[in-house]
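Data first, discussion second: the structure below is written as structure tokens.
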Amino acid sequence: YKTGAGFDADKDRLDGKRVADDATIYVQYVDGEKNGKDNVKTTVITGAELNAMGSDFGQTSYYVYSGTLITEALVVGNTYLPGASADKLYGYVTSSVTETSDDGTDYKEFTVWTSEGESIDVKMKASTAISKEDLISFELAADNFIEGVNVLNAETAAIKSFGSDYVILY
């Protein structure tokens, strides 16, 4: 294996090298703002998920380079795993919002029905006021952590139809 730099989102490269979409990527990241070892988490993603990240990640990488592509890697970061650079999702908050604290960082947890037709339990930093029955836009990151949350101005109503960039209410 080789040792190198982290992921560069602008270039879609890990240590300056391309990553195969079907590569296995082990990721070590920090859950919250503190760097204590209790906040360190790990997950496994595909090369395609790494290539879709919306921002740079990781300070160090260890990888297997086969031909012209990285086929397996460990990426070590000291921040939260960033979300994909995909379009924003839209959703409707279907549960009560509970507030939790983990090592001094406040979070909100709730269930949201998404514009992709899924009901998912999510977690976000407690910086935005969210309530049951809010319509929101957001980006989905690792471990159902959401970022870039905006409460949309709309009257509570039934959802008539939706797509990747709109929601129509009755």
Side-chain angles (χ1 to χ4, degrees), residues 7-12 14 18-33 39-58 69-73 75 77 79-102 105-170:
F7 179 73
D8 182 333
D10 291 334
K11 297 178 181 173
D12 287 341
L14 184 64
R18 290 185 18 195
V19 179
D21 282 347
D22 62 349
T24 302
I25 310 296
Y26 301 90
V27 181
Q28 180 178 315
Y29 62 97
V30 175
D31 182 15
E33 296 175 347
N39 288 345
V40 174
K41 289 190 164 194
T42 56
T43 191
V44 179
I45 62 175
T46 66
E49 290 170 310
L50 180 70
N51 290 330
M53 281 191 186
S55 60
D56 296 349
F57 177 76
L69 297 171
I70 291 175
T71 56
E72 188 169 12
V75 181
T79 60
Y80 202 87
L81 190 60
S85 59
D87 294 335
K88 282 193 176 284
L89 294 175
Y90 295 88
Y92 182 75
V93 179
T94 60
S95 72
S96 297
V97 177
T98 58
E99 294 194 24
T100 61
S101 182
D102 187 9
T105 302
D106 295 329
Y107 295 98
K108 292 184 179 181
E109 297 180 14
F110 53 93
T111 303
V112 63
W113 183 71
T114 73
S115 54
E116 294 185 344
E118 298 178 301
S119 180
I120 56 174
D121 295 324
V122 296
K123 181 177 183 178
M124 63 178 268
K125 287 190 179 177
S127 58
T128 304
I130 299 285
S131 302
K132 184 177 182 179
E133 299 181 349
D134 279 347
L135 286 171
I136 61 173
S137 64
F138 60 93
E139 295 172 3
L140 188 61
D143 298 336
N144 287 353
F145 190 86
I146 60 175
E147 304 171 326
V149 178
N150 291 307
V151 176
L152 304 175
N153 293 328
E155 296 290 322
T156 302
I159 296 175
K160 182 176 183 179
S161 67
F162 60 86
S164 64
D165 60 351
Y166 70 92
V167 174
I168 297 176
L169 305 174
Y170 283 101

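All residue numbers refer to positions in the sequence shown, counting from 1.
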Problem set entry | Smallest separation among heavy atoms of D56 and A9, with atom names | OD1-N, 2.8 Å

Exercise. Closest approach of M53 and F7, non-hydrogen atoms and distance?
Worked result: CB-CE2, 3.9 Å

Exercise. Which heavy-atom pair separates A73 from L14 by the least distance, and what is that distance?
Worked result: CB-CD2, 3.8 Å

Problem set entry | N/O donor-acceptor pair under 3.5 Å between N51 side chain and D21 backbone | no

Seminar exercise, completed: Shortest non-hydrogen pair, G58 vs V75, comes out as CA-CG1, 4.0 Å

For this session: State which residues pass side chain to side chain donor-acceptor pair (under 3.5 Å) with T111; sequence neighbours excluded, sorted by chain then number.
Result: D121

Seminar exercise, completed: When V151, V149, N150 are each screened for side chain to side chain contact (heavy atoms under 4.5 Å, CB included) with D134, the one that passes is V151

Problem set entry | Nearest non-hydrogen partners of A129 and K108, listed with the distance | CA-NZ, 3.5 Å

Problem set entry | Approximate separation, where rounding is to 0.5 Å, of I136 CD1 and F110 CZ | 4.5 Å

Problem set entry | side chain to side chain contact (heavy atoms under 4.5 Å, CB included) between D22 and T46, worked out | CA-CA 6 Å; D22 62 349; T46 66; over 6 Å; no

Exercise. Hey, are the side chains of L152 and S137 touching, using non-hydrogen atoms and a 4.5 Å cut-off?
Worked result: yes

Exercise. Atom CG of L69 and atom CZ of R18: how far apart are they, to the nearest 0.5 Å?
Worked result: 5.0 Å

Seminar exercise, completed: Distance col, row F138:CZ vs T114:OG1, nearest 0.5 angstrom, shows 6.0 Å

Problem set entry | Spacing of S95 atom OG and E133 atom CD [to the nearest 0.5 Å] | 11.0 Å

Exercise. Once you round to the nearest 0.5 Å, how far does CE of M124 lie from CD of E109?
Worked result: 11.5 Å

Problem set entry | Rounded distance (nearest 0.5 Å) linking atom CG of L89 with atom CD of E116 | 5.0 Å

Seminar exercise, completed: Correct closest heavy-atom pair for K123 and Y107 would be CE-CG, 3.4 Å

